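Not measured: the values here are computed from a predicted model.
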Number of protein chains: 2
Amino acid sequence: MMQFYKYFLMCTNDTGNFFYIWSMKIKESKAETLFDQDKLVPGQSIDCVIIGFENNELKVLIQKLMNLNKWVVPGGFIFKDEGMDHAAIRILKERTGIDLPFLEQFKTFGDTDRRKKAESMKVYKSFNISGPALDWLQQRFITTGYLSLVDINKCSIQSDSLSDESKWVSLDKIPQLLFDHNQIVDSAIDYLKNQLNYLPVGIEMLPKKFTIKELQNLYESILKKPLDRGNFQRKILKLDILVRHEKHLAGGAHKAPFLYSFDHEKYNKLLEQGFGFNS
Amino acid sequence: MMQFYKYFLMCTNDTGNFFYIWSMKIKESKAETLFDQDKLVPGQSIDCVIIGFENNELKVLIQKLMNLNKWVVPGGFIFKDEGMDHAAIRILKERTGIDLPFLEQFKTFGDTDRRKKAESMKVYKSFNISGPALDWLQQRFITTGYLSLVDINKCSIQSDSLSDESKWVSLDKIPQLLFDHNQIVDSAIDYLKNQLNYLPVGIEMLPKKFTIKELQNLYESILKKPLDRGNFQRKILKLDILVRHEKHLAGGAHKAPFLYSFDHEKYNKLLEQGFGFNS
DNA sequence: ACAAAAGTGTTTATAATACACCCATGA
DNA sequence: TCATGGGTGTATTATAAACACTTTTGT
């Protein structure tokens, strides 16, 4: 589905520090930034659960670690002079190409056994990492999970130096992930469901113009239960956050639905107080 | 109001590492644990916002740093072999004496400027800390905020080696706190309000037996708005989580209210789905 | 013309809201 | 006995839920 150049760079400097390329535009074939562990906050990482909506299904972006059959949620480290939220935005931009993402911290994971030593050893050995770099990577890590809601069609997924494949998988087909990443994803989904009334799911995950049926499908996917068609329509229209456009005539043998877009100003104002679809 | 022995121990070992006593039972006048920075997760701390309810007011526990006129929310560090939640429970126990506290992570704070260098320098200088220990404490810190709900009357507040005064202050009289601790407290209050329907506020913050009026006052304090007396009573009774006891005859010149206690089993079952007082 | 899905309408049940009434208690 | 706040009742309104009817489209 996706085409990209595999590009990989890894080296160790004379002090034994671990250097690696953390971001590169594959198409331009050049590294954007090079840094070493001295510039990173130790023991602290960020993991991004990126959720999109495609073919009436919620999907999460996962990446396969290079040379290994291990899937992970995209993550990264924090620069010592960089705020945590900023780091999350940076990491996300590298993976999706999206510039102003919706991004929200949802939980911090700090169990001692969240990264099994044996498991991480296998990973880092496969990258030929050893010495101080290995020590640094093998230290106890606490990670903060960020939830991002995106429009899959706007994402040009890029791989990076550590992974050789990226894909969107529907929530009920997530394979076993590295470390505690399954738990991190589950936690993000819970957060999405619980905070639904305060999250801009429609504006972030749907294309600019959409039908009410599509919006309903999105809500149903998140809530994991069917909603009444008529009631949904009436309720969402009553909120006065949608702008009606021309009819969408592409569909099947049935009445053509209207296309709508969000009135961003009204939508955001309403989000502050929250609005609900519990039924 | 509270009586305690001031007890303070601080030293530096031959490698320049910073040793300090992080916990002691003041009454028993002995240190429970001694540790140094080599055993701590670097750059990661925990801050506890402990909320109680007294005289119809929500109150938060703050402590004054020894030798300084600086107030903070009780916090601490994490052992390298200790889970983050466990660290929070440990820290909380030292400060309140409560054994099985309600404790929940609410947010992680990772801005680069959350600890002003100048401010922290003043603090650590006042403790005569220098060398590697100072470096360790001056590093970039990311902190995870934990919310704890307690019954103030069950807390025997203990001070520790770093502070010489602890007190409960009502939420609208919080003084200026060190670093970003005001922001941390505000964030905790927001969380409490938002998650109200899923938090065991009644069970944690009220005494075993209480009147419905007291419970209503608690909810009103959190929501910051008055609730209808009759409706509140009917609604809470309909939930079938209260056990009615004898009448409370201490009050004023009026009909004596019943005392109630929670049916913990039913209460906890109901909490999972959440129950609301939005009005 | 017909099936399918959109758009709209209607009825019923449930919950929120406001406020009224009577009761028990201590001063 | 009277002021005070507790317990309960009721009427009104708003929202949720279920489902029926009509309209528009492609085949």
Side-chain angles (χ1 to χ4, degrees), chain A residues 55-56 193 196-197 202 206-207 209-261 270 273-279, chain B residues 55-56 193 196-198 202 206-207 209-262 270 273-279:
Chain A
N55 297 130
N56 278 343
K193 192 174 172 183
L196 180 56
N197 293 346
L206 291 181
K209 292 184 179 179
F210 51 88
T211 64
I212 289 192
K213 180 67 181 168
E214 289 173 318
L215 184 58
Q216 184 184 336
N217 286 337
L218 174 57
Y219 273 92
E220 287 179 334
S221 298
I222 296 170
L223 292 169
K224 281 187 207 152
K225 65 176 173 184
L227 302 174
D228 181 275
R229 192 175 55 86
N231 294 337
F232 184 87
Q233 179 127 352
R234 211 173 314 102
K235 194 164 173 179
I236 195 87
L237 288 176
K238 203 176 158 193
L239 292 175
D240 190 33
I241 55 172
L242 294 183
V243 182
R244 179 178 280 191
H245 297 284
E246 74 283 10
K247 286 199 172 186
H248 177 62
L249 288 161
H254 54 77
K255 187 170 179 177
F258 286 102
L259 284 174
Y260 292 86
S261 65
L270 200 60
Q273 59 184 81
F275 62 93
F277 291 94
N278 311 306
S279 65
Chain B
N55 298 128
N56 278 342
K193 193 175 172 184
L196 180 55
N197 293 346
Y198 305 91
L206 292 180
K209 292 184 179 180
F210 51 88
T211 64
I212 288 193
K213 179 67 180 167
E214 289 173 318
L215 184 58
Q216 184 183 337
N217 286 337
L218 173 57
Y219 272 91
E220 287 179 334
S221 299
I222 296 170
L223 292 169
K224 282 189 205 148
K225 65 176 173 182
L227 302 174
D228 182 275
R229 190 174 57 84
N231 295 336
F232 183 88
Q233 179 125 354
R234 210 172 314 104
K235 192 163 174 180
I236 195 87
L237 289 176
K238 202 176 160 194
L239 291 175
D240 190 33
I241 54 171
L242 294 182
V243 183
R244 178 177 281 191
H245 297 283
E246 74 283 8
K247 287 199 173 186
H248 178 62
L249 288 160
H254 55 77
K255 188 171 177 176
F258 287 102
L259 284 175
Y260 291 86
S261 65
F262 284 104
L270 201 60
Q273 60 184 81
F275 62 94
F277 291 94
N278 310 307
S279 63

Next on the checklist: Expressed as a whole number of angstroms, how long is the span from B:D228:CG to C:dA16:P?
Outcome noted: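 Atom CG in B:D228 sits about 12 Å away from atom P in C:dA16.
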Item to check | Contacts of type side chain to side chain contact (heavy atoms under 4.5 Å, CB included), residue B:N56, not counting sequence neighbours | outcome: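 Once residues adjacent in sequence are excluded, the partners of B:N56 under the side chain to side chain contact (heavy atoms under 4.5 Å, CB included) criterion are B:F53, B:N217.
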Item to check | B:H248 to B:L259 - nearest heavy-atom pair and separation | outcome: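 Nearest pair, atom of B:H248 first, then B:L259: CB-CG, 3.7 Å.
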Checklist entry - Among all residues two or more places apart in sequence or in another chain, which pass the ring-ring contact (aromatic ring centres under 6.0 Å, His included) test with B:F262? => result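 ring-ring contact (aromatic ring centres under 6.0 Å, His included) list for B:F262, sorted by chain: B:F210, B:Y267.
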Are any protein N/O atoms closer than 3.5 Å to N/O atoms in nucleotides 11-13 of chain D? If there are, list each pair with its distance.
none

Checklist entry - Does any donor-acceptor pair link the side chain of B:N231 with the base of C:dA18 at a separation under 3.5 Å? => result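 Pair found.
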Checklist entry - Taking only residues two or more places apart in sequence, or in another chain, which ones meet A:Q273 in a side chain to side chain contact (heavy atoms under 4.5 Å, CB included)? => result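 Applying side chain to side chain contact (heavy atoms under 4.5 Å, CB included) to A:Q273 gives A:L270.
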Checklist entry - Has the side chain of B:R229 got a donor or acceptor atom sitting under 3.5 Å from an opposite partner on the base of D:dG5? => result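 By the distance-only test, no, there is no pair.
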Next on the checklist: According to side chain to side chain contact (heavy atoms under 4.5 Å, CB included), who are the partners of A:K224, at least two apart in sequence or on a separate chain?
Outcome noted: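 Per chain and number, A:K224 pairs via side chain to side chain contact (heavy atoms under 4.5 Å, CB included) with no residue.
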Item to check | Contact list for residues 211-220 of chain A, test salt bridge (Lys or Arg N to Asp or Glu O under 4.0 Å), sequence neighbours left out | outcome: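 Non-adjacent pairs meeting salt bridge (Lys or Arg N to Asp or Glu O under 4.0 Å): zero.
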Next on the checklist: For A:R244, give me all partners under side-chain hydrogen bond (donor to acceptor under 3.5 Å, both in side chains), at least two apart in sequence or on another chain.
Outcome noted: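 A:R244 satisfies side-chain hydrogen bond (donor to acceptor under 3.5 Å, both in side chains) with A:Y260 once adjacent residues are dropped.
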Checklist entry - What is the distance from CZ of B:F210 to P of D:dG6, rounded to the nearest Å? => result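 Value for this atom pair: 15 Å.
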Checklist entry - Distance check: side-chain N/O of B:K213 vs OP1/OP2 of D:dG5, anything under 4.0 Å? => result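 Checking D:dG5 against B:K213, no side-chain N or O comes under 4.0 Å of OP1 or OP2.
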Which atoms of nucleotides 22-24 of chain C (N or O only) lie under 3.5 Å from a protein N or O atom, and what are those distances?
residue : atom : partner : partner atom : Å
C:dA24  : N3   : B:K255  : N            : 3.0

Item to check | Any residue meeting side-chain hydrogen bond (donor to acceptor under 3.5 Å, both in side chains) with A:S221, in chain and number order, not counting sequence neighbours | outcome: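 A:S221 satisfies side-chain hydrogen bond (donor to acceptor under 3.5 Å, both in side chains) with no other residue.
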